[in-house]
There are 2 protein chains.
Amino acid sequence: MQTVTTATVTRPLPAAVVMMHRPTATMPPRPTGDGMQRAITKGEELYAEGDAAEFFYKVVSGTVRICKVLNDGRRQIEAFHLAGDIFGLERGSIHRFGAEAVDDLVVVVYRARHLEVLLRNNSELGGQVMRSVLASLDRARDHMVLLGRTSARERIASFLLDIAGRLADGDRFDLPMQRADIADHLGLTIETVSRTLTQLAREGLIKLAACGRSVVLNDRGRLHQLEAA
Amino acid sequence: MQTVTTATVTRPLPAAVVMMHRPTATMPPRPTGDGMQRAITKGEELYAEGDAAEFFYKVVSGTVRICKVLNDGRRQIEAFHLAGDIFGLERGSIHRFGAEAVDDLVVVVYRARHLEVLLRNNSELGGQVMRSVLASLDRARDHMVLLGRTSARERIASFLLDIAGRLADGDRFDLPMQRADIADHLGLTIETVSRTLTQLAREGLIKLAACGRSVVLNDRGRLHQLEAA
DNA sequence: CGGTCGGTTGAGTATGCTCAATCCACGTGG
DNA sequence: CCACGTGGATTGAGCATACTCAACCGACCG
């Protein structure tokens with residue numbers, strides 16, 4: 001695999017590429033030759049906005065944030081991707097958003113130009129990709145409603161339920177990302193995120209532990225009510 | 001074509017269906033049998049949130065708004081679709097957002113279950129669909145940045161440039177939708193939309209005519225500067 | 001032990017919202 | 001032809017939600 005560099009000189013170097021002769025067990029036999037695993041350490045950039053979109057990815061473990069930074073530093077995190085999610089597929093030849101590792105991360109890498117072949121072959125991966133694109137679109141639409149029309153409380157409640165649904169076993173889970181990431185995902189400031197979480201904890205809807213990453217949902221019912229529908 | 005009703009009894013009846021033995025000239029010969037044109041009058045619902053997603057559509061002329069209404073009446077317009085745009089394709093079997101005619105509208109109707117066939121056949125329409133889904137995703141992502149991280153001025157400037165790019169011939173165009181639609185698309189109130197437009201007009205960036213629908217972009221440069229990037 | 005990073009909390013403020021009045025274009029009926 | 005009603009747009013005044021700026025806290029690490 002050749003280097004993917006295109007954009008600035010200053011951004012972190014691509015993380016080490018780990019060759020594996022077979023992707024994870026969750027992946028059926030692939031018709032094409034690509035599918036290497038790659039490990040990225042917390043905070044590293046997988047690709048930057050503007051990079052050539054040579055590859056797309058599937059999360060094996062860890063968390064990715066997809067983001068755009070405006071000229072004056074404002075940032076919007078379009079989505080977080082967790083184990084099993086596919087991301088990085090683009091319409092054009094460059095990435096319109098950047099992808100960064102929220103925590104330590106392992107992904108499978110696929111060559112983007114094989115996409116059309118995959119679709120035509122009616123391969124399992126091809127179907128997976130089409131479904132995942134439509135899933136991304138669904139998520140994006142719901143998130144637009146959240147960003148355009150809901151209060152801070154509603155956003156936080158919605159976010160907690162979303163993350164819980166994706167990685168909680170029962171009612172407990174650890175947030176993989178820090179407050180700034182949550183804020184930039186929900187269109188809020190870190191202060192508002194912090195205050196709102198504290199507020200929900202005071203009211204007994206959730207429980208927050210020491211460092212603020214561990215969350216217990218005490219009252220899914222009321223949280224769900226808070227969520228606008 | 002059989003009726004598409006699934007949801008409420010109260011919503012407007014499906015508009016008249018006009019059979020044509022051939023879609024518009026912009027469409028290459030289709031491998032499948034569907035592709036009827038349908039005319040919808042201003043304000044009518046093409047499908048509601050929750051309706052079975054039997055069909056997807058392509059705009060021939062007019063404007064569509066894709067929207068979700070929350071239980072308490074708050075509304076978010078996910079997108080406007082203009083001539084040439086494809087919309088209404090869903091991941092699941094129901095529409096997660098409703099579609100309504102902003103003005104008088106003509107669309108071509110395609111049967112959704114043919115989609116997989118289209119993709120496998122490597123037909124032109126299949127490619128068009130995949131590209132249009134990815135285009136919708138790009139739009140959705142950009143719109144999330146707008147909703148999450150920009151000011152009212154930036155939103156309005158961005159919106160005007162977007163619409164102009166899609167239907168202006170030169171620097172003049174007529175907004176197909178009313179203030180309430182713009183507000184619900186940009187996550188603002190009608191009052192803020194109105195004030196901001198008036199403000200931009202006062203500053204000479206744009207010119208607004210009589211009923212407020214006709215817009216002239218006097219200074220694309222400064223508008224583009226206003227747009228966050 | 002000091003520094004840094006992430007998180008929380010407080011005080012004051014600003015942007016955009018709410019509520020309300022007014023305006024204007026247009027269609028309808030007397 | 002004009003009075004009237006209606007729907008959409010504009011404008012004003014006051015307010016609320018979330019932001020800004022700032023201090024502080026606690027954990028972790030060198």
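Lettering of chains follows the sequences in order, A, B, ..., and the numbering in each one begins at 1. Only heavy atoms go into these numbers, but all of them, side chains included; no hydrogens, no water, no symmetry mates. Remember, it's a predicted structure, so these values are computed and weren't measured experimentally.
The residues A:Arg139 and A:Glu78 are annotated as not salt-bridged, no charged nitrogen and carboxylate oxygen being separated by less than 4.0 angstrom. Here A:Asp174 does not pair with A:Arg213 in a salt bridge; the nearest charged N to carboxylate O distance is not below 4.0 Å. Using a 4.0 Å cut-off between charged nitrogen and carboxylate oxygen, B:Lys42 and B:Asp103 do not count as a salt-bridge pair.
Computed from coordinates, the B:Asp72 CG to C:dC17 C1' distance equals 15 Å when rounded to whole Å. Rounded to an integer number of Å, the gap from CD of B:Glu154 to C1' of C:dG16 is 14 Å. The CG atom of A:Asp174 sits 16 Å away from the C1' atom of C:dG7 (whole-angstrom rounding). Separating the CZ atom of B:Arg74 from the P atom of D:dT17 is a distance of 13 Å, rounded to the nearest angstrom. Here the P atom of nucleotide C:dT18 and the CG atom of B:Leu188 are 11 Å apart, to the nearest Å. Going from atom CG of A:Asp184 over to atom P of D:dC19 covers 11 Å, rounded to whole Å. For the pair B:Lys42 NZ and C:dG27 P, the computed distance is 11 Å after rounding to whole Å. Taking atom CG on A:Leu175 and atom P on C:dG6, their separation rounds to 15 Å, with Å as the unit.
Between A:Thr189 and D:dA18 there is no side-chain N or O to OP1 or OP2 distance below 4.0 Å.
Distance check, rounded to the nearest 0.5 Å: CG of B:Asp142 to CD of A:Gln76 gives 11.0 Å.
At least one donor-acceptor pair closer than 3.5 Å links the side chain of B:Thr198 to the backbone N or O of B:Ser194. Using modelled atom types, no side-chain atom of A:Arg75 and backbone atom of A:Lys68 make a donor-acceptor pair closer than 3.5 Å.
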Checklist entry - Tell me, for nucleotides 6-11 of chain D in 5' to 3' order, what letter each nucleotide earns: B for a base near a protein heavy atom under 4.0 Å, S for only sugar-phosphate near one, - for neither? => result --SSBB

